[in-house]
Amino acid sequence: MSGPSDYQPSNPALQWIERRLPILGLMHSSFVVYPTPRNLNYWWTFGAILSFMLGMQILTGVILAMHYTPHADLAFKSVELIVRDVNYGWLLRNMHACGASMFFFAVYVHMLRGLYYGSYKEPREVLWILGVIIYLLMMATGFMGYVLPWGQMSFWGATVITNLFSAIPYVGESIVTLLWGGYSVGNPTLNRFFSLHYLLPFLIAGVVVLHVWALHVAGQNNPDGVEPKTEKDTVPFTPHATIKDMFGVSCFLLLYAWFIFYMPNYLGDADNYIPANPGVTPPHIVPEWYYLPFYAILRSIPNKLAGVIGMFSAIIILCFLPWLDAAKTRSSKYRPLAKQFFWIFVAVCILLGYLGAQPPEGIYVIAGRVLTVCYFAYFLIVLPLLSRIETPRPVPNSISEAILSKGGKAVASVMVAIVAAGALFLGSLQDARASEGSDQPPANKWSFAGPFGKFDRGALQRGLKVYKEVCASCHGLSFIAFRNLADPGGPGYSVAQVAAFASDYKVKDGPNDAGEMFERPGRAADYFPSPFPNEQAARAANGGAAPPDLSLITKARSYKRGFPWFIFDFFTQYQEQGPDYVAAVLQGFDDHVPEGVTIPEGSYFNRYFPGHAIKMPKPLSDGQVTYDDGSPTTVAQYAKDVTTFLMWTAEPHMEARKRLGFQVFVFLIIFAGLMYFTKKKVWADSH
Amino acid sequence: MNPDASTIAAGAPIEVDLSPIAEGQDIKVFWRGKPIYISHRTKKQIDEARAVNVASLPDPQSDEARVKSGHEQWLVVIGICTHLGCIPIAHEGNYDGFFCPCHGSQYDSSGRIRQGPAPANLPVPPYQFVSDTKIQIG
């Protein structure tokens, strides 16, 4: 894209094509001989990482769409069937869902890099604005993608976000109706979001082409912010930048794989494993983490319309950045004050993100307002002012001169350390507060925890027995078929045992030739029958509270881990909030109601149930279920076994996930190592 | 992209029988995909709703204007928080009315906003009394 190419392929067939469509020359001049500044650091590999992630999302998304059903009654189930029955469907779904988070993580790094090194400045304004457009399209795509699984958070997230448009005077209501295709969020909404979610990534790809084109016209910025002057300042894109990007991508893949294989639900919300219900609002609606800073801005402004305007202008303001910051020096490396304010700005964004996930009350609201003011002040006051009063340090004459006089690298890492230390300090405060009288479920030792966790076969079989003899009288298990009991990584029954197990059940089938429904013995392909024909019947038979289906219960329940813990959990791979909660509730019944707690008629006290009043009577008592293998027949053992079983029903392919994860990690580490040494070799003469 | 014919047809008026709702109780019916609360208010709730100084409310509206005269005990409101569309919980909050769990808005026994970020009262859907114990919504 930098002028006519003089590239001539040697192969006659390629020459024939090249004379008619010079696409090879275009590729050659754009990605092979294209001169790239030789002082680029690893922050510049995020462009390649983002291109990779876009490709990954489109690829996994197209395959997922082949198995997905965009209908309000079927969407949730079809996503579960993808995870359970489609070959490597769990992998595709995890790659796509975690991929969205990784995509946003990379785009934030990419944007902050542009902000730090002044990559938006003349002559790269259009390049920057195209980037903001891509970011906006990404936000729309990500939001609509989150709606598709049609869980509780999908539904209520869609309700809250579409309602933002109702704040627009006069036309707001009509716009919202247009978005919904009905009188509320419903099936038409899901259908159009699916269509747009499929369309927008290709628009993003189109704008990315423009973005790269603009980049190749203006040339890349670099950490020193001086334009390349001589040939000595640049290296050819291939092999130098290609191999460096390959190394960057493979390191990024390590992080991505950590989420895919070990923490697939870390960034999600447990409520999204509950099917959408228009009649029940979750107590706390939180968007995905990448929207949280903007959600915090929305909520901190008390007026509805002003809040919506504030939220959108927080993004739109980025378009005006090239003119708000008029400083001649590009790189913050040579701007002592701008550098400090940049890191403060990063801290403000992270804290806003934290506040966006907190309930909007008390100190959080005040902190949100202060930080919102800080966010806008950075763009509207600090940057315009700095460009007038700041005296930048002298900028090197050329890139090669900058490389010769390296230094000052430590400052950034010191700043990162300070921010991290501050975060830990805040965390310890939080921790001190949380430890006062809590009803947090106690942590258990689970055989399936950790990177090499496996289900305890004995516990799965005992848990199945407990479910069948106790839980099944009220709770369904509708996503599990009898055949699953023989699946690898499951309770480990033989096919014959499963057939015998299934034939004990009566399953409704039909209609037969006479047009009548009839009952027959169950087959391996049948699903566990539910105890009630529908939710209303379940509700009516249980004093108004429908017993939830247990297939996903260990993923659909969680408790708040609080600030420092959720960071440690990332490293320790602690993911067992759900099982801990389920086991605790099963054992948390107490006839003795503590003072200050009132339990309504028909409810029971449970220490770990939110609000303490549970409609389910104490389900387990010692000796209730007989065990053949000599395990103790105590409530604690029952609770542990049935929870293990329910963890398996929630994720039947967990063992396969962790096993493949280990293989992928071994491969990625070797691959990244090879890339690193190849990169060193290629760059040996260029540093 | 506006609602299609079947969606509009499904949004036709519905009739609701009020006789099973005892005093102090309320039911939730769905109309056009929206939850509609029908509350059989107690004397205390009606008195509280009428005792308020209307001018002091964030969205001033008298209780008389929000119910049908002669049927003061019946409050019919769309149960969608005017802030960001969550469903408030009936019989909760400090005003004997509704409480929205999402962002803490509180409505009184007339469905008027009293506290929190919501800008307006719970809207009253179009409805009329077909007989003393039956209403038609829509």
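In what follows, chains carry the letters A, B, and so on, assigned in the order in which the sequence lines appear, proteins first and then strands, with residues in each chain numbered from 1.
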Do A:P188 and B:D4 come close enough that some side-chain heavy atom pair is under 4.5 Å? no

Can you tell if the side chain of B:P119 reaches within under 4.5 Å of the side chain of A:N303, non-hydrogen atoms only? no

Interface moiety of A:L298 toward chain B, non-hydrogen atoms closer than 4.5 Å: side chain

Heavy-atom closest contact (A:T281 atom, B:C86 atom, distance): CG2-CB, 3.5 Å

So does B:K68 have more than 12 non-hydrogen atoms from other groups sitting under 6.0 Å from NZ? yes

With only heavy atoms counted, which part of B:I8 is less than 4.5 Å from chain A, the side chain, the backbone, both or neither? both

Quick one: does B:K34's side chain have a donor or acceptor within less than 3.5 Å of a partner on A:S184's backbone? no

Going from CG on A:L178 to CG on B:N2, what distance comes out if it is rounded to the nearest 0.5 angstrom? 5.0 Å

Hey, does A:W156 have a side-chain heavy atom less than 4.5 Å from the side chain of B:I87? yes

Any idea which heavy atoms bring B:M1 and A:R192 closest together, and the distance? O-NH1, 2.7 Å

Check whether A:I285 gets within reach of chain B through its side chain, its backbone, both or neither, counting any heavy atom under 4.5 Å. side chain

Which heavy-atom pair separates B:H83 from A:K304 by the least distance, and what is that distance? O-NZ, 3.1 Å

Does atom NZ of B:K28 have more than 12 heavy-atom neighbours from other groups under 6.0 Å away? yes

What option among A:S174, A:G186, A:G279 has the most heavy-atom pairs under 4.5 Å with chain B? A:G279

Can you tell me how far CD1 of B:I80 sits from OG1 of A:T159, rounded to the nearest 0.5 angstrom? 8.0 Å

Tell me, out of A:S166, A:G182, A:P282, A:G307, who's got the most heavy-atom pairs with chain B below 4.5 Å. A:G182

